[in-house]
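Worksheet: one structure, shown below.
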2 protein chains.
Amino acid sequence: MDILYQRFIDHYSSSQQLTDHTKAEICNHLSILHLNKKHVLIKEIQRHDFAYFVIKGAVRSYFLKDGIEVNTWFALENDMVGSLQNFNDKPSKETIELVENSTLISINIKKLKPLMFSNIQISNFINAVIEEYALFLEEKIYFSQMMNSIDKYLILLDKEPQLFQRIPLTYIASFLGITRETLSRLRAK
Amino acid sequence: MDILYQRFIDHYSSSQQLTDHTKAEICNHLSILHLNKKHVLIKEIQRHDFAYFVIKGAVRSYFLKDGIEVNTWFALENDMVGSLQNFNDKPSKETIELVENSTLISINIKKLKPLMFSNIQISNFINAVIEEYALFLEEKIYFSQMMNSIDKYLILLDKEPQLFQRIPLTYIASFLGITRETLSRLRAK
DNA sequence: ATGATTTTGTGACATATATCAAATGAAATC
DNA sequence: GATTTCATTTGATATATGTCACAAAATCAT
């Protein structure tokens, strides 16, 4: 098995031991992608059968609000990229785009998901993926409601310092829910 | 099986048929609660092994920010109540409190969750619960980032009109991220 | 390297919302 | 039914952040 696939599978199987058979079944629905900066993975309004796991690189998600991009999250190494909306046959609300040249694993969710009804390990594996994602969402909501702009900035700077090296401040500002001008002024202190 | 338990189980097993044995296993970890307005289900900072399903009534979740309550969500009939943080042995960030006298099903997550490694139906059942929850969170984040205050108010009024009959406007205002004074002024139009 | 494009920073002003205070209205309690 | 408590509305002012405009700095492409 490809060592990159192994990394993805290990990341989500800490609570159970997968048989070789199950690993092979999962790998059947994976592939490795090398894509360049600005490449669009998932386009707003379109349906999409894949999720992605970042091996190397940086990805952002945004939607348009009155013609202005509102960034909703960023993914770096070992993060998942995608939207549950998609896995439930709904069109994506967001556009997902590469911020750096990246190596990704694509996961064919449409084909992998039905296996959860016949393979308990796959069911638990998918469970782990969704649960980590939901925990991430919970954290994000708490973060957005709990803090004022300055605190959000300081916490993000503390928790995810790599973001500030790799993601333009314009994107980070809109992620924090403020304009780039305001972020620039906060940073001046 | 109690008809209320049936309602809970049916709600999360639309994609699979559960055997009587599985249903019984799930029911072993359920119980019915009748509790009064203002009762606190889960207290901030404390650990907690239970989630709840609202049969009848209204529940709110909030945390304290500089001594002021910030309401994070409301649950009515057929909604789940709880925090994934808890199911992962972390202390709750939020306090969950009844807004009306309510009938709830309590679910002992701590005991139910381990069964997902031996019973595939339970694994898929838990999957359905978490997935619905994650979809709800995705929707909530989109809602909070996409809209300005007036739009949020109008959409909430359109999508969840019952909230405005049953939940005090003070709570709804803080849920929308504005003060009760501002909400009152928005409504004046 | 050099110019072009993108990103970040600074200033002046406008505006939505918060804050503080008080009045009115509704609901719960005795 | 009267009284207390809680929820909502309205007003006057303060403040943080947005908007618009432009300059400086950094990054990219030829």
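Sequence lines set the chain letters: A, B, ... in the order given, protein chains first and strands last, and positions in each chain run from 1.
Salt-bridge annotation for B/Glu69 and B/Arg180: absent, with no side-chain N of the basic residue lying under 4.0 Å from a carboxylate O of the acidic one. The pair B/Glu139-A/Lys93 meets the salt-bridge criterion, since a charged nitrogen lies less than 4.0 angstrom from a carboxylate oxygen. Remark: B/Lys90 does not engage A/Glu138 in a salt bridge, criterion side-chain N to carboxylate O under 4.0 Å.
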A correct 5'-to-3' footprint of nucleotides 24-30 of chain D, with B, S and - meaning base, sugar-phosphate only and no protein heavy atom under 4.0 Å, is ----S--
Summary of protein contacts for nucleotides 5-19 of chain D, nucleotide by nucleotide, where a base hit scores B, a sugar-phosphate-only hit scores S (4.0 Å, heavy atoms): --SBBBBB----SSB
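Between the side chain of A/Arg60 and the main chain of A/Val99, no donor-acceptor pair closer than 3.5 Å is present.
For an aromatic pair to be called close, the ring centres must be under 6.0 Å apart, and B/Phe164 with B/Tyr153 satisfies this. Annotation: B/Tyr52 is not in aromatic contact with B/Phe8 [ring centroid separation under 6.0 Å not met]. Ring pair A/Phe143/A/Phe136: centre-to-centre distance not below 6.0 Å.
Summarising the geometry of B/Asn119 relative to B/Gln121, their closest heavy-atom pair is OD1-N, 2.9 Å, with the distance given to 0.1 Å.
For the 3.5 Å distance criterion, the side chains of B/Thr72 and A/Gln145 fail to qualify, holding no donor opposite an acceptor.
What separates CG of B/Leu176 from C1' of C/dT17 is a distance of 14 Å, to the nearest Å.
The CG atom of A/Leu104 lies 11.5 Å from the NZ atom of A/Lys56; values are rounded to the nearest 0.5 Å.
A rotation axis mapping the C1' atoms of four pairs onto the next four is fitted at both ends of the helix from C/dA1-D/dT30 to C/dC30-D/dG1 over five pairs, and the angle between these axes is 60° to 10 degrees.
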